[in-house]
Every structure is written in structure tokens, then in C-alpha cells.
Amino acid sequence: MWLIVGLGNPGKVYSKTRHNLGFMVIDALASKSSIKIKNKSKNSVSGKGNINCIEVILLKPLTFMNKSGIAVKAACKKYQNIENLLIVHDDLDLKPGIIRIKKNGSAGGHRGIESVSDYMGTKDFTRLKIGIGRPDKIPAEDYVLSPFSRQEKTIMKKSVEKAADAI
């Protein structure tokens, strides 16, 4: 079974921000695969189903980005037959809309990936990264929590669909 986790922050105020690209991909993937994200626990919302005959859990942590590892670890404990872990997240170091899939590696300064690595005790998991670009004059913490510009919305909508297709 695959555990596919989209990183983001819960709440309406964050729903359209750069840091919530992981949630957006999970929503697109759920829609394409007819998987309902309706199971709510203390740490996450999730849905279980099949994608191309492979059993998957789609998960969105409710622990906020910097504590995503809590939700991932709880899900792995609950569903003990997790064979593969895929984390979907935004990436400041990739140009807007660029998608990269990477196995293992460092967190690259991403606090959500850092949290998952810390709580899971390993860096051995796959990441699907979607570029958001790095701003020149805005602190990264503010930039990731801001909404996309009109031009970026078009790029990101396509990237979210491509990421869902890639998965």
C-alpha cells in the first residue's frame, strides 16, 4: 500500500497559498481517482482507494506544516502495511510549476519535510516537489504563506494536474 501525503496548512486562510500545493495535489488526485477524503482523525484527513489497481491512502495533515511528521507517523502506525511513502510539497528552489520526483535526500530547508524525516527517523521516502520560485525581496516565510498571482494561478493549476497524473 502507498501512503501519499500532501503537505499544507489546515484552514481557509491558507487554502490558496503556495505552501498548500501538497493539499491541492491530493484534492486533484482524489477527484481523478474517485477517492473521498472524508476520514478525519486527530492529526489528518484521509481517504482510501485504488489508483491503477494499487491500494493507496491519500492524506492531508491537520498538524500544520512544521509538524507534518506527527500525522505521517500516526498514519503509518494505523495502516501497518505501508510499503511506499510519497510526500508532495512546494519547493522554493525550483522555478514556478517545475515538478521533480526524488527519492531520499535532505529537507532542503523545507520544515514539513524536516518534520517527516524527524518523526519517521529516516530520509528514505519519495518526494514530489512543485516549484514556487524564490522571491527576491520577500522573506521566504511570508512568501510561502501568500496566495499565487493571477499569472501563477494558471501555471500552478497545470502543475497540480501534471503532479496528480505523475502520481
Side-chain angles (χ1 to χ4, degrees), residues 1-11 14-91 93-94 97-132 144 156-167:
M1 179 184 321
W2 279 78
L3 176 60
I4 304 171
V5 180
L7 299 186
N9 288 311
Y14 299 109
S15 66
K16 306 259 188 233
T17 65
R18 292 172 175 87
H19 231 14
N20 271 38
L21 273 171
F23 280 13
M24 294 173 200
V25 171
I26 292 297
D27 290 340
L29 189 56
S31 178
K32 284 179 182 266
S33 306
S34 300
I35 297 173
K36 293 188 184 336
I37 307 291
K38 62 180 180 177
N39 302 325
K40 188 170 183 180
S41 72
K42 177 182 171 186
N43 299 315
S44 64
V45 290
S46 64
K48 190 173 183 180
N50 289 292
I51 298 175
N52 295 332
C53 300
I54 296 171
E55 194 173 19
V56 299
I57 304 292
L58 303 181
L59 185 102
K60 298 191 312 188
L62 298 177
T63 51
F64 286 92
M65 183 66 76
N66 296 354
K67 299 289 183 184
S68 297
I70 294 169
V72 174
K73 187 169 184 169
C76 287
K77 188 175 179 180
K78 179 179 179 181
Y79 303 103
Q80 295 178 358
N81 57 342
I82 300 297
E83 297 166 357
N84 295 288
L85 174 60
L86 172 64
I87 307 292
V88 182
H89 65 94
D90 60 290
D91 192 305
D93 294 323
L94 294 175
I98 299 296
I99 297 170
R100 287 241 169 89
I101 299 174
K102 183 179 180 185
K103 179 83 171 151
N104 306 335
S106 75
H110 195 285
R111 305 273 191 211
I113 293 296
E114 219 170 80
S115 175
V116 172
S117 293
D118 289 348
Y119 277 89
M120 296 300 293
T122 184
K123 296 176 184 179
D124 185 21
F125 53 88
T126 305
R127 305 103 196 272
L128 187 150
K129 307 173 180 192
I130 302 174
I132 58 171
V144 298
M156 291 305 154
K157 185 175 181 184
K158 290 177 184 175
S159 294
V160 165
E161 291 299 317
K162 278 185 178 179
D165 288 343
I167 293 170

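Sequential numbering from 1 along the given sequence is applied to the chain's residues.
Nearest approach of D93 to D91, heavy atoms of both residues: N-OD1, 2.7 Å. Annotation for N20 and S15: closest pair ND2-CA, 3.8 Å, computed over non-hydrogen atoms. Nearest heavy-atom pair, M120 versus C76, reported as atom, atom and distance to 0.1 Å: CE-SG, 3.6 Å. K123 and S117 get closest at one heavy-atom pair: CG-OG, 3.9 Å. Across all non-hydrogen atoms, the minimal contact from K103 to T126 is CD-OG1, 3.3 Å. S159 and I99 get closest at one heavy-atom pair: O-CD1, 3.4 Å.
Separation of atoms CG (D124) and CG (L85) is listed at 9.5 Å; rounding is to 0.5 Å. For the atom pair CD1 of I70 and OG1 of T63, the computed distance is 5.5 Å after rounding to the nearest 0.5 Å. Separating the CZ atom in F23 from the OH atom in Y14 is a distance of 11.5 Å, to the nearest 0.5 Å. Of the inter-residue distances, the one linking K129 atom NZ with I101 atom CD1 reads 11.5 Å to the nearest 0.5 angstrom. Put simply, CG on N9 and CE on M65 are 5.5 Å apart, with the number rounded to the nearest 0.5 Å. Remark: I37 CD1 to S31 OG distance equals 10.5 Å, nearest 0.5 Å.
Residues K32 and D165 form a side-chain contact, since some pair of their non-hydrogen atoms from C-beta on lies under 4.5 Å apart. In this structure, L29 and I35 have side chains that are not in contact, with every pair of non-hydrogen atoms separated by 4.5 Å or more. Between M1 and I57, the closest side-chain pair of non-hydrogen atoms falls below 4.5 Å. Looking only at side-chain heavy atoms (C-beta outward), I4 and I167 come within less than 4.5 Å of each other. Between L62 and N43, the closest side-chain pair of non-hydrogen atoms is not below 4.5 Å. Contact check for I113 versus F125: side-chain heavy atoms found under the 4.5 Å cut-off. Residues P61 and V5 are in side-chain contact: their nearest non-hydrogen atoms beyond the backbone lie under 4.5 Å apart. A 4.5 Å side-chain heavy-atom check between L7 and L21 finds every atom pair outside the cut-off.
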Worked verdict on I132 versus L94 for side-chain contact (heavy atoms from CB on, under 4.5 Å): CA-CA 6 Å; I132 58 171; L94 294 175; over 6 Å; no

Verdict with supporting geometry, M24 and V88, side-chain contact (heavy atoms from CB on, under 4.5 Å): CA-CA 10 Å; M24 294 173 200; V88 182; over 6 Å; no

Full working for side-chain contact (heavy atoms from CB on, under 4.5 Å) between L3 and L59: CA-CA 7 Å; L3 176 60; L59 185 102; 4.0 Å; yes

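At distances below 3.5 Å, not a single donor-acceptor pair connects side-chain atoms of S44 with backbone N or O atoms of S46. Of the possible polar contacts, none joining the S33 side chain to the A30 backbone as a donor-acceptor pair under 3.5 Å is found.
Between K158 and E161 there is no salt bridge, since no side-chain N of the basic residue sits under 4.0 Å from a carboxylate O of the acidic one.
Annotation for K157: atom NZ does not count as buried by contact number, only 12 or fewer foreign heavy atoms lying within 6.0 Å.
A salt bridge (Lys or Arg N to Asp or Glu O under 4.0 Å) check over residues 51-70, counting only residues at least two apart or in different chains, returns the pairs D27-K60, K48-E55. For the side-chain hydrogen bond (donor to acceptor under 3.5 Å, both in side chains) condition, no pair includes a residue of residues 68-84, sequence neighbours left out.
Considering only residues two or more places apart in sequence or on other chains, H110 meets the ring-ring contact (aromatic ring centres under 6.0 Å, His included) condition with H19, H89.
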